[in-house]
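Chain identifiers are assigned alphabetically (A, B, ...) following the order of the sequence lines, protein sequences preceding nucleic acid strands; residue numbering begins at 1 within each chain.
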Amino acid sequence: MRIATWNVNSLRARADRVESWLERSDVDVLAIQETKCRDDNFPWELFERMGYDVAHFGLNQWNGVAIASRVGLTDVERTFVDQPVFGKGGVDPIQEARAISATCGGIRVWSLYVPNGRALDDEHMHYKLHWLDVLNQQAGSWLEADPEAQIALMGDFNIAPQDDDVWDIDFFIQEGLTHVSEPERAAFYAFEKTGFIDVVRPHTPGPGVYTYWDYQKLRFPKREGMRIDFILGSPALAKRVVSAEIDREERKGKGASDHAPVIAELSA
DNA sequence: ATGGTTGAGGGTCAA
């Protein structure tokens, strides 16, 4: 069984890419982030054509998460319990379309799009850290309820946990950039304390191994990327992982997302 | 030359 996560940066703009990638990647479950659409303009036919069931959570042109599966898809959950809200400019705070879950082939799959902190002192950063803290608490409660549960937390975490996960850590520190700060990294490693394991890194050691390259400043051809997309597995799931890869090829050429798909191969 | 993009939507805003 193969599971994957991919921030597609607009499903409608990427429809052809996503379809041909599904065709050749042979994944059974795909967690998608940044669909950037609503249910009424979601490309349902694409997944039907390819033989996947799909569940979507999208409210507007921002965020949007989905799960596609050809090994079953049941018990869909949109948002996690107590998911923090965000509102600005007098707009009513809402739970944004950043988390969706479903049970696929015996695995509780989450597609997660962690808020971007924008700047170290921005209110979005507090939102990001709080959002991750509550998610981690929930994830802990799931494991407590069933220590043998097969759970995959997959998505764009917008955090580079290690210095080698960016092309130049000194640049990030000097510029005071997000994704590498101590609080963000602590929020990421809190999931490991809870019992979740990065199942991809052991099979894709760095340095220089990334999942995202900014469209700007020729970051991809200059190999200046960031490892910010992860598959975190519960202990029972992590035991099944036999290999993993980051499909850097998918970042190439015209019409690519700025993120590459991340894939894990499971036994049985 | 020291920059260089992309997407949604029709405002700029977001990454």
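For the pair A/R98 and A/Y113, the cation-pi test (distance below 6.0 Å, angle within 45°) is passed.
Remark: aromatic rings of A/W142 and A/W110 are close, center separation under 6.0 Å. For A/F230 and A/F188, the ring centers are positioned less than 6.0 Å apart.
For the pair A/K254 NZ and B/dG7 P, the interatomic distance rounds to 8 Å; values are reported in whole Å. Separating the CD atom of A/Q33 from the P atom of B/dG7 is a distance of 17 Å, rounded to the nearest angstrom. Rounded to a whole Å, the CD1 atom of A/I228 is 12 Å from the P atom of B/dA15. One can place CD of A/E34 at 11 Å from C1' of B/dT6, the figure rounded to the nearest angstrom. Between A/N116 atom CG and B/dG7 atom P there is a gap of 18 Å when expressed in whole angstrom units. Rounded to whole angstrom, the span from the CE atom of A/M226 across to the P atom of B/dA15 amounts to 13 Å. Computed from coordinates, the A/Y212 OH to B/dT5 C1' distance equals 10 Å when rounded to whole Å. The interatomic distance linking A/W62 (CH2) with B/dA15 (P) rounds to 10 Å, in whole Å.
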Return the polar atom pairs (N/O with N/O) between nucleotides 8-12 of chain B and the protein under 3.5 Å, or none.
residue : atom : partner : partner atom : Å
B/dA8   : OP1  : A/S10   : OG           : 2.2

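Between A/G255 and A/P115, the one whose closest nucleotide on DNA chain B sits nearer the 5' end is A/G255.
Phosphate contact (OP1/OP2 of B/dT5, side-chain N/O of A/R219, threshold under 4.0 Å): absent. OP1 or OP2 of B/dG7 has at least one side-chain nitrogen or oxygen of A/R14 nearer than 4.0 Å.
Distance noted for atom C1' between B/dG4 and B/dA8: 22 Å (whole Å). Across B/dT6 and B/dT2, the matching C1' atoms stand 22 Å from one another, rounded to whole Å.
Look at A/R185 and A/E182 and you find no salt bridge, because none of the NZ, NE, NH1 or NH2 atoms lies under 4.0 Å from a carboxylate O.
Nucleotide B/dG10 carries an anti base; the chi torsion (O4'-C1'-N9-C4 or O4'-C1'-N1-C2) is more than 90° from 0.
A donor-acceptor pair under 3.5 Å is formed between the side chain of A/T194 and the backbone N or O of A/A190.
A/K222 comes within 4.0 angstrom of a nucleotide base, judged by non-hydrogen atoms across all strands.
Counting only heavy atoms from C-beta outward, the side chains of A/I107 and A/L266 approach each other to under 4.5 Å. A 4.5 Å side-chain heavy-atom check between A/D258 and A/R251 finds at least one atom pair inside the cut-off.
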